[in-house]
A.B. asks: 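My structure is below; once you've seen it, I'll send some questions.
Numbering of residues begins at 1 and proceeds along the displayed sequence.
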Amino acid sequence: MVGSTWKTLLLRALLFLSLLYSTIGKSSSSSNHHHQTTIRFKMAPPDAAAERQITMRREGAAFKVALFADLHFGEDAWTNWGPLQDIHSVNVMNTVLDYENPDFVIYLGDVITANNIMIENASLYWDQATSPARNRGIPWASVFGNHDDASFEWPLDWFSAPGIPPIHCTQTSSISYSEEECSFRGTGRLELMKNEIKHNASFSSYGPRRLWPSVSNYVLQVSSPNEPQSPVAFLYFLDSGGGSYPEVISSGQTEWFQKKAQEINADSRVPEIIFWHIPSKAYKAAAPKFSIRKPCVGSINKEKVAAQEAETGIMDLLAKRTSVKAIFVGHNHGLDWCCPYKKLWLCYARHTGYGGYGDWPRGARILEFTHKPFSLRSWIRMEDGNVHSEVVLS
C-alpha cells in the first residue's frame, strides 16, 4: 500500500515537473530570440469581413513559419513515461525554434490526445504544448485534429478484479484533488479555443458560428511592413474534423472558403496557403507509390495516406484557384513528403511530438516566403539539428 501511494505521488510529481519545465525551461535561450514581428489585431465578430493581420518584420525580409504537427500531449499521464514524453516534445520544439527563429508558429492538429486525458481541464496540456512559442514571444495559430477533443477512454488496466477502477486524477497545482476536478468530462473544441485565444500572441479563432462544431476555420493576412493594408499572403485554416464530428471538410466549409476568398482576394492576385490536419483524398492520388522520387520531395513514406471520410468539393475548388500554392497537413506520422497535384503542392508536416504512434525521428516542417516577387520554399528541421527535403513550392 505504501509502495502504491509512493508511486502515485511520484507520477503526479512528474507531470507537475513537466508542466513547470515547459514554462520556465529554455528561458535563457528564449531571451536571445527577440522578435520584432508587429502583431496587428483587427478584432471583429467571427463572420465579419476584417481579418487579423500579422506584419512582416521588415520590407524585403523573408517570413518564416514553423509547423508543429501531432504533438499528442497528455498521453498516459498515469504512467511514468507519459509526462516524460511531453518533456521530450517540448525539447524538440525548443531545438527547432532555437535553430530557425521563425516569425510565426502553426500547431497543425492533434496538439493533445484528449482520449488519454482524464482531467476536465485539458487546456493545461494545450498550454504546455504552446509554451515554447509563447515563452519566446512568437505569435502562433492552431487548427484542430481528430484527437484534440476526443472522449476520454477508460484504460482497461484501471479495472480491478471486482470491476471497480481506482481513481486516477492528475492535478498540476497540488497532490490533492476534488471529485469535481476528476469528472472525466473532457474539454471540447470551443473550450480549448476559448482558453487559447486568451493569450495575446495567439492568432487562432473560433471561425463562423454557422460551421460549428467545426471550429477552427479562419484566415490570417500577412502584410507588408510599409503597406499594412497590402496583403503579401493569406493563410487559411480549416477544421478537418474528428473527435466530436466526422473526419471531413464539409460543403459548408467549402462554401465559406469560396465566399471569403471572393471577398478578400477576388482576382486571385494574392498567394494563398492552406492548413488543416487530416489529408484529403487527393493525397492518395498524389502519394509516392514506393520510394520518394522527383518531383516529390521528402524522406519517409512509411504508411498509407489516412484520408478524410469523404470529399465534398474543397479540393476541386482549391485546385482551380491559381492563387493557392500549397496545402499542409499532419495526421500520418510516417509521411513527410511534398508532391505536386495539378497546379498546387500537397505537403505533410513532420511528426514533431513524442506522443502518438511511430518511432521515426522527430522534427518540424519550415516554410519561408518572400515578397516582390513571391516565393515559397520549405524544408524539414530535425531534432538533431539536421536539415533535409528542401523544396521550392512557388
Side-chain angles (χ1 to χ4, degrees), residues 35 37-42 44 46 49-57 61-69 100 102-109 111 130 133 138-145 193 196-197 201-208 214-225 228-240 249 253 256-265 268-277 314 317-318 321-330 338 344-349 364-371 374-378 393-394:
H35 283 264
T37 304
T38 301
I39 302 175
R40 299 180 184 272
F41 290 104
K42 285 191 173 182
E51 313 307 326
R52 301 176 87 177
Q53 297 183 15
I54 182 167
T55 304
M56 299 176 73
R57 296 191 197 186
F63 187 81
K64 187 185 291 186
V65 181
L67 304 185
F68 294 143
E100 296 290 351
D103 301 282
F104 200 69
V105 168
I106 292 175
Y107 291 89
L108 202 55
V111 177
T130 59
I138 304 175
W140 80 88
S142 63
V143 66
F144 286 117
M193 185 62 77
E196 180 176 318
I197 62 180
S202 171
F203 274 65
S204 300
S205 176
Y206 288 112
S214 166
V215 174
S216 50
N217 302 285
Y218 57 99
V219 57
L220 302 177
Q221 176 178 315
V222 181
S223 299
S224 164
Q229 301 307 315
S230 177
V232 173
F234 289 115
L235 311 181
Y236 279 89
F237 299 81
L238 291 168
D239 191 330
S240 56
I249 293 178
Q253 290 167 279
W256 168 80
F257 179 95
Q258 188 171 29
K259 289 182 177 179
K260 178 59 68 174
Q262 181 63 28
E263 173 188 312
I264 64 177
N265 196 21
S268 296
R269 179 181 58 85
V270 181
E272 297 163 333
I273 307 171
I274 318 297
F275 304 92
W276 65 65
H277 179 71
I314 188 65
L317 174 62
L318 297 181
R321 287 187 62 80
T322 56
S323 48
V324 176
K325 303 304 180 183
I327 302 171
F328 296 92
V329 303
C338 281
L344 53 85
W345 284 81
L346 302 182
C347 292
Y348 276 97
R365 180 169 290 283
I366 308 298
L367 312 180
E368 186 178 75
F369 56 85
T370 55
H371 185 39
F374 181 85
S375 175
L376 173 64
R377 68 188 189 99
S378 179
L393 301 172
S394 177

A.B. asks: Got a sec, which residues hit side-chain hydrogen bond (donor to acceptor under 3.5 Å, both in side chains) with Q253, two or more places apart in sequence or on another chain?
C.D. replies: S214, N217, S250
A.B. asks: Tell me the closest heavy-atom pair linking I54 and P139, and the distance in Å.
C.D. replies: CD1-CG, 3.6 Å
A.B. asks: Enter the distance from H277:NE2 to S142:OG here, rounded to the nearest 0.5 Å.
C.D. replies: 12.5 Å
A.B. asks: When rounded to the nearest 0.5 angstrom, what distance separates CD1 in I106 from CG in L220?
C.D. replies: 8.0 Å
A.B. asks: Mind listing the closest non-hydrogen atom pair of I138 and A201 along with its distance?
C.D. replies: O-CB, 4.3 Å
A.B. asks: Answer whether the closest heavy-atom distance between the side chains of I314 and W276 falls below 4.5 Å.
C.D. replies: yes
A.B. asks: Show the nearest heavy-atom pair for residues Q229 and Q53, with the distance to one decimal.
C.D. replies: OE1-NE2, 3.9 Å
A.B. asks: Rounded to the nearest 0.5 Å, what separates atom CD1 in I366 from atom CG in L67?
C.D. replies: 7.0 Å
A.B. asks: Which is it for V143 and L108 under the side-chain contact (heavy atoms from CB on, under 4.5 Å) test, yes or no, and what are the steps along the way?
C.D. replies: CA-CA 6 Å; V143 66; L108 202 55; 3.9 Å; yes
A.B. asks: Evaluate the criterion side-chain contact (heavy atoms from CB on, under 4.5 Å) for residue pair M193 and F144; output intermediate values, then yes/no.
C.D. replies: CA-CA 9 Å; M193 185 62 77; F144 286 117; 3.7 Å; yes
A.B. asks: Do the side chains of V65 and F328 get nearer than 4.5 Å, heavy atoms only?
C.D. replies: no
A.B. asks: Of the options K260, Q221, E272, which is the one that meets N265 in a side chain to side chain donor-acceptor pair (under 3.5 Å)?
C.D. replies: E272
A.B. asks: Looking at K64 and E100, would you say the former's side chain and the latter's main chain have a donor-acceptor pair under 3.5 Å?
C.D. replies: yes
A.B. asks: Testing the basics here: between W140 and E196, what is the closest heavy-atom pair and its distance to 0.1 Å?
C.D. replies: NE1-OE2, 2.9 Å
A.B. asks: About how many Å separate CD1 of I327 and CD1 of I273, when rounded to the nearest 0.5 Å?
C.D. replies: 11.5 Å
A.B. asks: Please identify each residue that fulfils side-chain hydrogen bond (donor to acceptor under 3.5 Å, both in side chains) with Y348, with sequence neighbours left out.
C.D. replies: N332
A.B. asks: What closest approach, in Å, do M56 and A62 show between heavy atoms, and which atom pair accounts for it?
C.D. replies: CE-C, 4.2 Å
A.B. asks: Between the main-chain N or O of P228 and the side-chain N or O of S223, is there a donor-acceptor pair closer than 3.5 Å?
C.D. replies: yes
A.B. asks: Could you walk me through whether L376 and W345 satisfy the side-chain contact (heavy atoms from CB on, under 4.5 Å) test, starting with their C-alpha distance in whole Å, then the side-chain angles of each, then the deciding distance to 0.1 Å, before giving a yes or no?
C.D. replies: CA-CA 11 Å; L376 173 64; W345 284 81; over 6 Å; no
A.B. asks: I'd like to know whether F369 forms a side-chain contact (heavy atoms from CB on, under 4.5 Å) with K325, so could you lay out the CA-CA distance, the side-chain angles of the two residues, the decisive distance to 0.1 Å, and finally the verdict.
C.D. replies: CA-CA 11 Å; F369 56 85; K325 303 304 180 183; over 6 Å; no
A.B. asks: Test F257 against every option in F237, Y218, Y236, F234 by the ring-ring contact (aromatic ring centres under 6.0 Å, His included) rule and name the one that passes.
C.D. replies: Y236
A.B. asks: Does S224 have any side-chain hydrogen bond (donor to acceptor under 3.5 Å, both in side chains) partners at least two apart in sequence or in another chain, and if so, which?
C.D. replies: E59
A.B. asks: Nearest 0.5 Å please: distance from the OG atom of S216 over to the CZ atom of F275.
C.D. replies: 13.0 Å
A.B. asks: Examine distances only and state if a side-chain atom of R52 and a backbone atom of S204 form a donor-acceptor pair shorter than 3.5 Å.
C.D. replies: yes
A.B. asks: Identify the two heavy atoms, one from I249 and one from S240, that lie closest to each other, and give their separation to 0.1 Å.
C.D. replies: CG1-CA, 3.9 Å
